[in-house]
Structures are given as C-alpha cells and as structure tokens.
Amino acid sequence: MAEDERLVKKIAAKSEDFSRWYLEIIRRAELADYAPMKGMMVIRPDGYSIWENIQRLLDGRIKDSGHVNAYFPLFIPESFLRKEMEHLKGFAPEVAWVTHGGQEELEERLAVRPTSEAVIGSMYAKWIHSYRDLPVLINQWANIVRWEKVTRPFLRTTEFLWQEGHTAHETFDQAQDETIKILYLYKEFVESELAIPVVEGRKTPREKFAGAMETYAIEALMSDGKALQMGTSHNLGQHFSKVFDIRFEDREQKRQYVWQTSWGVSTRLIGALVMTHGDDSGLRFPPQVAPVQIVIVPISIGNWKENVLPVAVSVEKDLRRAGWRVRLDAREEFTPGWKFSEWEMRGVPLRIEIGPRDVKENRAVLVRRDVRKKDSVDLGELISRVKGTLREIQASLFDQALRFQRENTRTVSDYDEFKEVIESKRGFISCGWCGDESCEARIKEETMATVRVIPLKRDREDIGPCVCCRKPGRESALFARAY
RNA sequence: CGGGGAGUAGCGCAGCCUGGUUAGCGCACAGCGUUCGGGACGCUGGGGUCGGGGGUUCGAAUCCCCCCUCCCCGACCA
C-alpha cells in the first residue's frame, strides 16, 4: 500500500514488519496490554468483548450438540499428575507449582492446571458406573497456566483462557465419532463466525497431544505465511481411564474402561483474527465477533448539534433496537477525519457518516472497512442495507482469507523445491511423506517446517513419494512453518 | 533456556561514550479561540522517584554489580 494511502501511520506497516505490526496494533487498538509479570497480559475490554462473542457463539454450538458446562478445580495434586507419566512428561517443563498455603509449606505440591484431564478423570471415576451413565459430555470454560519460555500476546501467554471438552463413551467408535464431530464443529464455527478458513486433519505422532491416541486439529494460514493451530480434538482412547480407573459395567455385564475424548480452543483465536484479517490501516474484524459492529460518525460542521446530532442519535437507537453493537462517536474534541482513521484502525466493520448534506436528503453514508467502499443510502432503508452490508463484509473477509490460503498452498514434488518454497514464499506445502519420524525430524531441522496436519480430505487420491527420502509416500501431508 | 538489542512524561525518541545549572524534543494531555465530509491550527499551560535495588564519587540518567520487563534470532509448546 502506498504511503499516502496508508491512513494510519503511527504503527509499523504490516507489509513491512509483520511481527512488530502485530504487537503494536494489539496495544494501539487496546485489545490487550502487558502485565508487569513475565509472559502475562491484560485482556482489555475490546479484546475481552471478542472473547465474549466467541464464547457465546461457540457455547451455543457446544450445547446444541448435547454437551453441558461444569467447572473443575484450578489446582491438581501432584500425585494425580504423576499417575500418568507420559502425560506428565509432556507438560512437566511448563507446570507451575503451588508449594505454600499462607506461611505453611504444603505436604503435597499442587499443580496449577496446564489442562484438566487428570482432575476430570478422577471425578469421572466416581461418577461413571454403568453404560447407562454414558456418554458423559462435559465442557468447561476456564483459565490455564503453562510456564512458556517464549510468549506473545494471545498466541502464547503464560495464562490463557479456553474451553476444554471432556467426554467419556462406551466404545472406541463413539469416542472417535465425537472427536471428529467436534473437529468439524470447530471448523464450521471458525469459518462462519471468525471468517478464517481452516484445514482439518490429523496430527503426526510427534505433534500429537501427550497421552492421546490421535490428535486432530484445524490449522489456518496467517497472512505472513505462517500456520497457526486454531483448535484441537483428541481421541484419548483408554489411556486416562486406565490410569484413573474409570470403569463401567457394559451391556454384557462386563467391566470395561471408558473411551474418552478432549478438545479445546483458546484466546489464541483472537490473535488469529488479528493476523488473518488485519491490514496496513489496522484491524479488520468480521461483524459476527467485532466488539463494535457499527460506528456512527456525525459530521461536526456548522450547527451540527441541532441539525445532525439528533438524526445520528435516532439512527443509533434504531440500530441498537435491531440488535447490533453500535457506537455513536459524538465527541467534539476530534474531527470527523480523525475518527474515521481511529475506528478503521480498531477494526469496526461498518461506519455510518451523517452530515448536513445527508440530513437534508434524508440519507446517510455507509463505509465498509474491508474494502473502504462508500455508499449513500436512504434512511428509510438503512436497517436493511446495514444488515446486507454486514453480511457481505463477513463473507468478503472469509473470501479474501480463503483466496490467500489457496494462493499460498503449494504442491511440491521434490525436496529442493520444498526448501525453496519454504524459504521464499512460506505458506502451506502439500506433499507426500513416508510417515517416518526421521524424515519429519530432518525436514524440521533443515527448514523449520513441521507437519501441520495430514488433511482428512485430499484433492487427489494418489500420494507422491516422500518429499524427503523418496520412498513411497504413505501420507499426503501439509507442511508449514508455524507459530 | 542460549545469543543479540532495549527500558528517560501516556506514546515515540534524544541526552549516556567523555559524570557537573532547573533532563530535552515530537505527538498526546489541559485551558481559550478559530475549525470540522479522510488523523486541523494558533496562543498558553501541566506532567519525570531517568525500569528497580545496591555500589563508586564532593556529585550519577550518565560509570560498576545484581534483579525485573520487553523485542529480535535460535532449542520446547493451545
């Protein structure tokens, strides 16, 4: 974007320094701020408002699919975690421990939950006795602590918010169905509400959740060409049920271990919104989750308080009654032009300008944030036009992101081409893989790219030879450098 | 956790190397006036334990040591 077209010049240009842009826009747009403790952030009202929208829209889907919410403790006794060594090993380096209550040293350390499989498993053992108790379909909205070494606002913070579903079933097949059902629930949610296209697939053994039989994930491509894991769904098999002794009497009156799943998405999704849709002028939020969907800017000129403001106030009231999140910016200390830039920077999808000329003609100007197109509409049809325009913006943001994802997903046939693409273009690379961990490790070592997923849906049935060792390919894998 | 960089008014920075008036600039902020259809202008004004602690010195933003926080690049992760 040419310098004179850049309306917001106070932050780094996204196209020039993506990572600096990301950090600056989050603070300038007041989504979050650094807290004085390492790796911790404060989610400010606009950032939290997005989270509330995510919660509302996702929680509805989770409940509609038969799940219920509950809440489990923040602390987990060390002995509970120790019961499951493979799981513990996966998390050991990033567990925060509570050692004292007041002045007294605790007899047993308490882990601050890095995830809740252990506590929830211990409770399920008490609650589940018969096949009649199954399935158990519970979700919780909670905070999680993981002592990460490298942190970035929203993408990886020491404490973060998420939802974690934990289910228990009679059979492997039921658990597998649940795992896949949730994967697609996430995909549908992320694509239709966050307007972010994702690829759904299976994780390699190396990348899967510690303690899971299979991990599935949705992956998105950020606009700097790096991949971001947007959500995971695990088939836990009987791993935890054996450790925590979660058994039930089946239909043949035999004692069986339950089959479990767990799945989650986190406040990382907010970072994904920023990185997927933002541009050189700042944020661009999809209307479905935007903190403010419509901002009304009265053109303060002449005796606008008598002529223009009352119209703006009444428009605000109408839009609010129609159910939208509206903000009327009638502040006198800023010029209209300043407000235009400010609200664009903050990502408000639709702006309505009302000035003396419009009032005279009983009209208003609609300005789309995504394409900056201006449109004069009759006040009589404002509500319907707003409705249509917001829908168009939601669709257009998704389309733009999808086009980017497609343009940056490349099929390569040999390793040299793989290296060249990763180095110069980034993006997703689709290619054959022998399934051998040594090839996966070598590729990571040499290119910093990892298998993001083995997509569940493939364009073609034939799998090329392994991009690394040339042996016959067992999988068609999607590689990328990732956050 | 390793390598590199940084922390001075709300934000962005200068000053530090070579210690010495009252620590400075731009933006932001406050008051008044003129303005207002894409980040207006003039005048006046307020705001600082120089990240924190210790040390050296007659004297420290400046020199030395420790700690905290952030950024970038590498090893581990939603």
Side-chain angles (χ1 to χ4, degrees), chain A residues 4-12 17-20 22-24 27-28 30 33-41 89-95 114-115 142-164 186 203 206-210 215 217-219 228-234 262-272 281-282 297-305 308 330-345 351-359 363-365 367 372 374 376 441 444-445 448 450 482-483:
Chain A
D4 57 349
E5 288 171 27
R6 275 189 61 211
L7 298 178
V8 176
K9 300 186 178 118
K10 289 175 184 169
I11 59 168
D17 189 342
F18 187 85
S19 115
R20 198 166 159 191
Y22 176 78
L23 294 167
E24 289 182 357
R27 289 208 280 173
R28 283 226 1 115
E30 298 180 347
D33 200 358
Y34 292 114
M37 301 80 72
K38 184 178 167 57
M40 303 202 140
M41 65 168 181
K89 258 187 270 162
F91 280 103
E94 43 191 77
V95 172
T115 180
N143 60 336
I144 290 292
V145 169
R146 294 182 189 173
W147 219 258
E148 299 284 355
K149 286 162 185 161
V150 178
T151 57
R152 306 186 114 204
F154 293 116
L155 301 181
R156 179 168 300 106
T157 48
T158 302
E159 178 188 9
F160 59 93
L161 307 181
W162 76 351
Q163 66 57 223
E164 48 179 326
Y186 282 159
K203 287 283 179 182
R206 185 191 165 94
E207 299 276 329
K208 77 178 170 68
F209 175 69
T215 289
I218 50 174
E219 291 272 335
L228 184 71
Q229 181 169 301
M230 304 283 287
T232 48
S233 185
H234 314 290
S262 71
W263 28 274
V265 300
S266 72
T267 34
R268 170 179 273 190
L269 293 180
I270 298 171
S281 299
V297 178
I299 305 303
S300 44
I301 188 171
N303 51 349
W304 66 283
K305 279 198 205 161
V308 175
R331 290 176 294 179
E332 293 181 59
E333 59 271 31
F334 297 109
T335 62
W338 188 92
K339 292 175 187 173
F340 297 167
S341 305
E342 180 69 13
W343 291 110
E344 283 178 9
M345 188 268 294
R351 177 172 77 242
I352 299 180
E353 305 175 10
I354 303 175
R357 291 205 301 266
D358 304 304
V359 169
R363 301 180 75 82
V365 176
V367 189
R372 283 226 188 75
K374 293 198 180 191
S376 175
K444 181 172 183 183
E445 175 106 353
M448 284 154 62
T450 49
Y483 275 97

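Convention: sequence-line order gives letters A, B, ...; per-chain numbering from 1. If you're wondering where the values come from, they're calculated on a predicted model, not measured in any experiment.
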Parallel, tilted or perpendicular: ring planes of A:F209 versus A:H234, cut at 30 and 60 degrees:
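Ring orientation of A:F209 relative to A:H234: parallel.
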
For B:U21, which nucleotide in any strand shown is its Watson-Crick or wobble partner with both distances under 3.5 Å?
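The base-pairing partner of B:U21, which may sit in any strand shown, does not exist here.
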
Please check the phosphate of B:U35 (OP1 and OP2 only) for any side-chain N or O of A:S300 closer than 4.0 Å.
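Answer is no, no contact under 4.0 Å.
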
When you measure from the side-chain N and O atoms of A:T335 to the phosphate of B:A40, is any distance below 4.0 Å, counting only OP1 and OP2?
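For B:A40, OP1 or OP2 has a side-chain N or O of A:T335 closer than 4.0 Å.
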
Within the supplied structure, the quantity of interest is the number of heavy atoms (other residues, nucleotides, ligands) at a distance under 6.0 Å from A:R20 CZ; does it exceed 12?
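No - once you tally the heavy atoms of other residues, nucleotides and ligands closer than 6.0 Å, there are 12 at most.
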
A:W147 atom CH2, neighbour heavy-atom count above 12 within 6.0 Å
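No - once you tally the heavy atoms of other residues, nucleotides and ligands closer than 6.0 Å, there are 12 at most.
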
Can you tell me, in whole Å, how much space there is between the [atom1] of [N] and that of [M]?
{"N": "B:G42", "M": "B:G53", "atom1": "P", "result": "40 Å"}
{"N": "B:U18", "M": "B:U62", "atom1": "P", "result": "14 Å"}
{"N": "B:U21", "M": "B:G59", "atom1": "C1'", "result": "13 Å"}

Please list, pair by pair, any protein nitrogen or oxygen found under 3.5 Å from a nitrogen or oxygen in nucleotides 75-78 of chain B.
from	atom 1	to	atom 2	distance (Å)
B:C77	O2'	A:E148	OE2	3.4
B:C77	O2	A:R156	NE	2.1
B:C77	O2	A:R156	NH1	3.4
B:C77	O2	A:R156	NH2	2.1
B:C77	N3	A:R156	NH2	2.7
B:A78	O3'	A:Q229	NE2	2.3
B:A78	O2'	A:R268	NE	3.1
B:A78	O2'	A:R268	NH1	2.6
B:A78	N6	A:T157	N	2.9
B:A78	N6	A:T157	O	2.7
B:A78	N3	A:S266	OG	3.0

Which residue, A:I299 or A:P153, contacts RNA chain B at a nucleotide closer to its 5' end, judged by nearest heavy atom?
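The answer here is A:I299.
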
Shortest side-chain distance from [X], nucleotide among [options]:
{"X": "A:K38", "options": "B:U69, B:C36, B:C71", "answer": "B:U69"}
{"X": "A:R357", "options": "B:G37, B:G39, B:C71", "answer": "B:G37"}
{"X": "A:R152", "options": "B:C72, B:G37, B:G38", "answer": "B:C72"}

Can you check whether any acceptor in the base of B:G38 is under 3.5 Å from a donor in the side chain of A:K374, or vice versa?
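Indeed, a donor on one side and an acceptor on the other fall under 3.5 Å apart.
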
Applying salt bridge (Lys or Arg N to Asp or Glu O under 4.0 Å), can you list everything that pairs with A:E332, at least two apart in sequence or on another chain?
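A:E332 satisfies salt bridge (Lys or Arg N to Asp or Glu O under 4.0 Å) with A:K305 once adjacent residues are dropped.
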
For A:E164, enumerate each residue passing the salt bridge (Lys or Arg N to Asp or Glu O under 4.0 Å) test, keeping only those at least two apart in sequence or located in another chain.
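So A:E164 forms no salt bridge (Lys or Arg N to Asp or Glu O under 4.0 Å) with any residue.
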
Sugar-phosphate or base contact per nucleotide [nucleotides 41-51 of chain B; S, B, -; heavy atom under 4.0 Å]
-----------

What are the atom names and distances for every N/O pair under 3.5 Å that joins the protein to nucleotides 9-12 of chain B?
none

From CD of A:E342 over to P of B:C27, roughly how many Å is that when rounded to an integer?
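About 18 Å, once rounded to whole Å.
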
In a table with atom names and distances, give each donor-acceptor pair under 3.5 Å that connects a side chain of residues 148-161 of chain A to protein atoms at least two apart or in another chain.
from	atom 1	to	atom 2	distance (Å)
A:R152	NH2	A:S19	OG	3.4
A:T157	OG1	A:E159	O	2.7
A:T158	OG1	A:G39	O	3.4
A:E159	OE2	A:N143	ND2	2.9

For A:V145, which contact category applies under a 4.0 Å heavy-atom criterion: base, sugar-phosphate, or nothing?
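Nothing: the residue A:V145, judged by heavy atoms under 4.0 Å, touches no strand.
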
